[in-house]
Amino acid sequence: MQIMSNDYNPHNIQNQTAAQLFAKPKLNVANKKYILAMFPYPSGQFHMGHARCYTLADTMSKYYRTRGFNVFSPMGWDAFGLPAENAAIKHNKHPKDWTDGNIKQMREQFDMLGLHFDWDHELKTCDPEYYRWQQWLFIKLYEKGLAYRKNATVNWDPVDQTVLANEQVIDGKGWRSGAPVERKEINQWFLKITNYADALLDECEHLTHWPEQVVTMQKNWIGKSKGVDITFSIIGLDATCQVYTTRADTLLGAQALVLAPTHPICEAVSKTNPKIAQALTQLSQSGVSEAEIEAGEKLGVAIGLTALCPISKREIPVYAGNYVLMDYGHGAVIMVPAHCDRDYAFAKRYQIPVIPVVDNGKEHDYSQSAMTETGTLINSAQLTGLSSQEAIEEIAKTLAASQQGQAKDQYRLRDWGISRQRYWGCPIPIIYCDNCGIVPESEANLPVTLPTNITFSDSSKMLANNPDFVNTSCPKCHQPAKRETDTFDTFFDSSWYYARFLSPKESNDLIAPSVTDGLPVDLYIGGIEHAILHLLYARFIHHFMHDIGITPAKEPFKELLTQGMVLKDGSKMSKSKGNLVTPSELHKTYGADALRLFILFAAPPSQSLEWCHSGIEGMHRFLKKVSLYFSNKQPVSEGVTPKLWSDAQTILSKIEHDYEKRQLNTTVAGCMKLFNIIQQSPVRNTTIQKIEEIFFIALFPLAPHTSSFYWDGEKPLSETAWPKIDQEALQQQTRPIVVQVNGKRRGELNLNKECSESDIIHLAQETLSIQKHLEGKSIKRVIHIPGKLINIVVS
RNA sequence: GCCCGGGUGGCGGAAUUGGUAGACGCAAGGGACUUAAAAUCCCUCGAAGUUUACUUCGUGCCGGUUCGAGUCCGGCCCUGGGCACCA
């Protein structure tokens with residue numbers, strides 16, 4: 001069948017150009033550009049969020065290829081995780097089979113959508129050859145004293161007898177059983193990220209190519225604060241209780257001590273007092289997420305003890321509160337109703353007096369709210385009259401002298417709990433031996449592989465119930481011993497994958513020494529939802545890898561591009577909300593290039609993109625016009641059009657600027673403008689021909705198939721150099737001078753650049769539209785922005 | 001509750017960062033071509049005023065700084081993301 005010249009067939013175009021669009025990865029060479037998009041969880045569903053992220057990455061890769069960089073742009077799979085276990089239970093399918101099937105499906109969609117990643121370096125985190133190095137890393141962390149065990153609070157479903165993820169707790173109830181969730185403490189593995197708190201904070205200053213908002217979020221999350229540790233003695237109990245506060249200046253306004261219900265003092269009381277024991281159990285009914293605790297009602301119970309303030313020597317009651325968790329800080333806080341909103345609400349509920357001890361110099365109605373600002377101390381005995389700052393220092397000094405406290409830097413950041421009571425994850429390479437205690441698996445025995453012969457009876461204990469896995473021998477004394485049966489948090493999997501991508505098949509090292517120069521990642525692209533946790537964990541592990549000498553740079557990601565959400569009906573597209581739009585349907589109708597253009601054009605990359613179906617039509621129409629023009633193009637005639645050439649140069653410089661700023665929505669607009677010049681020109685002369693070349697190169701990263709198909713240059717577009725801007729033509733571009741009177745636009749003047757200020761005013765006075773606003777008034781002031789604007793201020 | 005964003009025509013957004021508000025596109029309306037439709041092309045398109053001109057108003061709301069504010073400052077409202085076991 002003959003293809004009509006006005007037919008635009010995107011699939012035909014894609015099929016004919018796809019082969020040439022995969023570029024070979026180039027590693028460890030000068031002028032490298034490591035461009036990485038956050039690897040996907042293989043859910044099997046390639047959704048718009050994926051399409052957006054990977055289109056951005058593929059587009060930037062192609063742009064940098066035309067700029068002469070050696071681009072490395074690998075792709076792989078974040079393949080462990082909860083959904084595979086849920087699917088296993090629901091569909092009776094093994095997580096491995098489910099995951100592998102999904103990877104295959106999603107890989108096909110990558111190709112279908114014309115996303116040309118470097119698949120030679122593909123990896124998946126559930127592959128033992130991948131996770132053996134994670135186990136190796138963990139052992140290194142353990143050897144350096146950065147991995148340890150302690151109790152931590154989890155969501156416990158008392159009916160299903162299982163630990164729940166925060167997202168599995170809905171309105172305080174287990175998602176399957178519907179039973180009220182309880183807090184439970186279990187022993188777990190932690191990584192001492194807090195040892196790196198200062199390093200991670202200090203390096204924030206060097207993240208100059210990260211969005212400021214993300215750096216701010218990271219700093220706030222680490223949350224370094226100066227405060228004071230204070231020791232209270234508990235009256236009638238041979239015990240003390242430590243609290244930490246950043247507002248020691250309010251200490252004399254403290255009306256109570258509030259402890260976590262699982263605090264040792266509470267537990268001691270509950271042993272002899274069943275009534276309080278029951279009240280404490282009540283206080284532990286709710287999930288552990290901060291959002292739930294902070295937004296929920298603050299409840300407490302007096303546990304019948306009093307504590308002695310080491311400064312005022314005053315006795316205050318001791319409460320247990322549902323908003324204090326044992327694993328944060330000391331598990332105890334002072335309650336100062338007058339100067340803390342949360343304490344104020346608590347005090348109102350339990351009729352605790354509100355006594356102001358700080359005055360900020362303004363009237364404040366303490367019957368309505370707390371006053372949280374600093375100021376001068378009042379009602380504070382010997383401290384009265386000091387400023388908040390002086391009081392904090394004085395209190396720290398006094399406490400230190402009597403060994404009842406001290407000034408201390410504190411971090412909001414907590415150590416990273418990495419134990420998960422789940423099957424589908426990387427086994428923790430630890431062995432418990434009756435003789436030797438906790439022993440890491442020997443490196444020679446790595447990887448500790450996840451057994452595949454399991455049954456899905458009870459998801460929290462799948463590994464524990466697998467004797468072949470559990471029973472082993474101690475690497476030290478060779479006596480029978482038992483394996484750790486928890487698996488790692490999947491955030492660990494994604495904290496170092498960017499390093500492994502350099503040499504995923506290397507068997508002697510985590511990174512082959514010959515390619516370590518591939519790090520850091522030059523441009524990292526991913527969703528804003530990862531702004532804190534994933535990026536902080538990855539930075540931490542990278543700092544550690546740097547410290548043990550396996551990565552050259554300190555920081556893993558030089559530049560970060562955080563892509564906004566893809567929203568539909570105002571909220572995040574996700575499977576659980578049932579508002580998915582699949583790219584494959586759109587591809588079927590419009591092809592890969594139209595979909596790419598729409599995704600890029602609809603919003604700037606960093607802003608959220610509200611999905612709307614119309615609009616992709618326009619991209620399709622644009623490509624159709626391009627196709628029609630180039631498949632019926634006229635022969636080139638002699639002659640030049642200087643005005644069009646300088647217009648094109650202005651657009652080109654804007655496109656270049658926008659690519660560098662990652663403002664890809666306006667690069668699309670720029671290409672459309674270039675094409676409008678081409679199409680609207682009455683003749684196809686040599687100027688137009690040159691603009692066509694610029695158009696193809698500029699469009700290539702955005703719509704690679706269509707541009708490649710109609711390109712007839714010597715080399716493929718990916719190897720064709722970016723056009724050099726004709727500075728002279730750019731300079732010739734002139735804009736009229738805007739004339740304002742009293743800040744309002746009253747006209748514009750076309751004049752050459754040499755015009756002086758007085759010449760311009762003269763001309764303005766002669767121009768009718770401007771004249772009438774100047775008549776009968778005297779000029780008080782003139783603001784002149786050369787080449788742009790003149791503002792004449794009149795009385 | 002705490003931390004970080006966003007709010008501009010009917011819609012998505014632009015404005016080279018304090019200097020012409022609405023680029024580019026979608027939708028809509030009108031016209032051309034066609035037996036007709038689709039496709040394509042051309043024109044109009046923030047609001048108001050007796051309307052190619054001109055004037056006034058207009059970037060969530062209220063106030064401020066400035067010759068000049070979408071952009072900076074203060075205070076609100078609405079909305080999105082994160083809050084440590086979703087990834």
Side-chain angles (χ1 to χ4, degrees), chain A residues 6 38 40-41 43 78 81-83 152 154-155 163-169 211-214 216-217 219-221 223 288-296 298 323 341-342 345 412-422 489-491 494 527-534 536-537 562 564-565 567 570-572 574 576 598 601-604 606-610 612 614-619 621-622 624-625 628 653-654 657-658 661 663 665-666 668-673 676 735-745 747-748 769 772 780-783 785 788-793:
Chain A
N6 61 352
M38 291 179 186
Y41 179 80
S43 62
D78 187 13
L82 210 46
V154 295
N155 300 308
V163 176
L164 296 177
N166 283 335
E167 77 158 3
Q168 297 173 324
V169 179
E212 231 177 78
Q213 50 153 317
V214 176
T216 306
M217 283 192 256
K219 283 182 186 166
N220 291 346
W221 187 261
V288 298
S289 80
E290 188 183 305
E292 198 178 328
I293 290 169
E294 286 295 320
K298 314 295 183 291
Y323 59 96
D341 293 328
R342 185 177 67 184
R412 208 186 82 89
L413 178 69
R414 310 194 298 261
D415 277 341
W416 176 12
I418 49 165
S419 293
R420 296 292 180 271
Q421 296 70 43
R422 310 202 185 281
D489 176 10
T490 55
F491 270 128
S494 55
I528 185 68
E529 67 271 25
H530 296 294
I532 296 174
L533 293 180
H534 161 62
L536 194 67
Y537 292 144
T562 47
M565 304 275 161
L567 307 176
S571 67
K572 187 178 170 180
S574 74
S576 58
F598 175 74
F601 186 64
S606 58
Q607 296 302 321
S608 54
L609 185 159
E610 172 69 34
C612 114
S614 66
I616 194 168
E617 278 287 345
M619 300 301 113
R621 202 174 305 158
F622 168 68
K624 204 162 160 182
K625 278 191 279 186
L628 186 69
S653 79
K654 171 82 166 118
H657 171 266
D658 292 347
K661 283 190 75 183
Q663 289 286 124
N665 55 330
T666 47
V668 177
C671 287
M672 289 172 167
K673 282 188 194 172
N676 288 345
R735 294 180 79 190
I737 303 282
V738 170
V739 181
Q740 295 184 339
V741 177
N742 285 347
K744 289 194 174 178
R745 183 179 175 278
E748 51 186 45
S769 66
K772 61 183 177 189
K780 280 174 69 183
R781 196 175 159 186
V782 175
I783 287 108
I785 313 292
K788 259 191 177 168
L789 173 141
I790 190 158
N791 184 12
I792 303 166
V793 185

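What you are looking at is a predicted structure, and each value in this text was computed from that prediction instead of being measured. By convention in this document, chain letters (A, B, ...) are assigned in the order of the sequence lines, proteins followed by strands, and residues within each chain are numbered from 1. FYI, side chains are in, hydrogens and waters are out, and symmetry mates aren't considered; it's all heavy atoms of this structure.
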Do A:Glu292 side-chain atoms and A:Ser289 backbone N/O form a donor-acceptor pair below 3.5 Å? no
Checking contacts here: which listed nucleotide (B:U20, B:C4, B:C85) is nearest the side-chain heavy atoms of A:Gln421? B:C85
Does any N or O donor sit under 3.5 Å from an N or O acceptor when you compare the side chain of A:Lys744 with the base of B:U20? no
For atom CD of A:Glu294 and atom P of B:G82, their distance in whole Å: 18 Å
Could you state the interatomic distance from NZ (A:Lys654) to NZ (A:Lys661), rounded to the nearest 0.5 Å? 7.5 Å
Donor-acceptor pair present, A:Asn791 side chain and B:C67 base, under 3.5 Å: yes
Return the value, rounded to whole Å, for the distance between atom CD of A:Gln168 and atom P of B:A84. 14 Å
With distance as the sole test, does A:Asn791 use its side chain to make a donor-acceptor pair with the main-chain N or O of A:Ile783 at under 3.5 Å? no
Separation of B:C83 P from A:Leu413 CG (nearest whole Å): 15 Å
How far does the P atom of B:C3 sit from the matching atom of B:C76, given to the nearest Å? 13 Å
Rounded distance (Å) that lies between atom P of B:A39 and atom NZ of A:Lys625: 14 Å
Any donor-acceptor pair, under 3.5 Å, between the side chain of A:Glu290 and the base of B:C2, if you only look at N and O atoms? no
Quick one: A:Gln607 CD to B:G13 P, roughly how many Å, whole number? 8 Å
A:Glu167 side-chain proximity, nearest of B:G1, B:G25, B:C86: B:C86
If the C1' atom of B:A21 is compared with that of B:U59, how far apart are they to the nearest Å? 8 Å
B:A23 and B:A14: how far apart are their C1' atoms, nearest whole angstrom? 5 Å
Between A:Asn676 (CG) and B:C41 (C1'), how many Å, whole number? 13 Å
Distance check needed: B:C86 P versus A:Tyr41 OH, whole Å only. 13 Å
Please pick, from B:G82, B:A14, B:C24, the nucleotide with the shortest atom-to-atom distance to any side-chain atom of A:Glu529. B:G82
In whole Å, I'd like the distance from the CG atom of A:Leu789 to the P atom of B:A69. 12 Å
Should B:G25 form a Watson-Crick or G-U wobble pair with both distances under 3.5 Å, which nucleotide is its partner? B:C11
Nearest nucleotide by nearest heavy atom, which residue falls closer to the 5' end of RNA chain B, A:Val793 or A:Lys788? A:Lys788
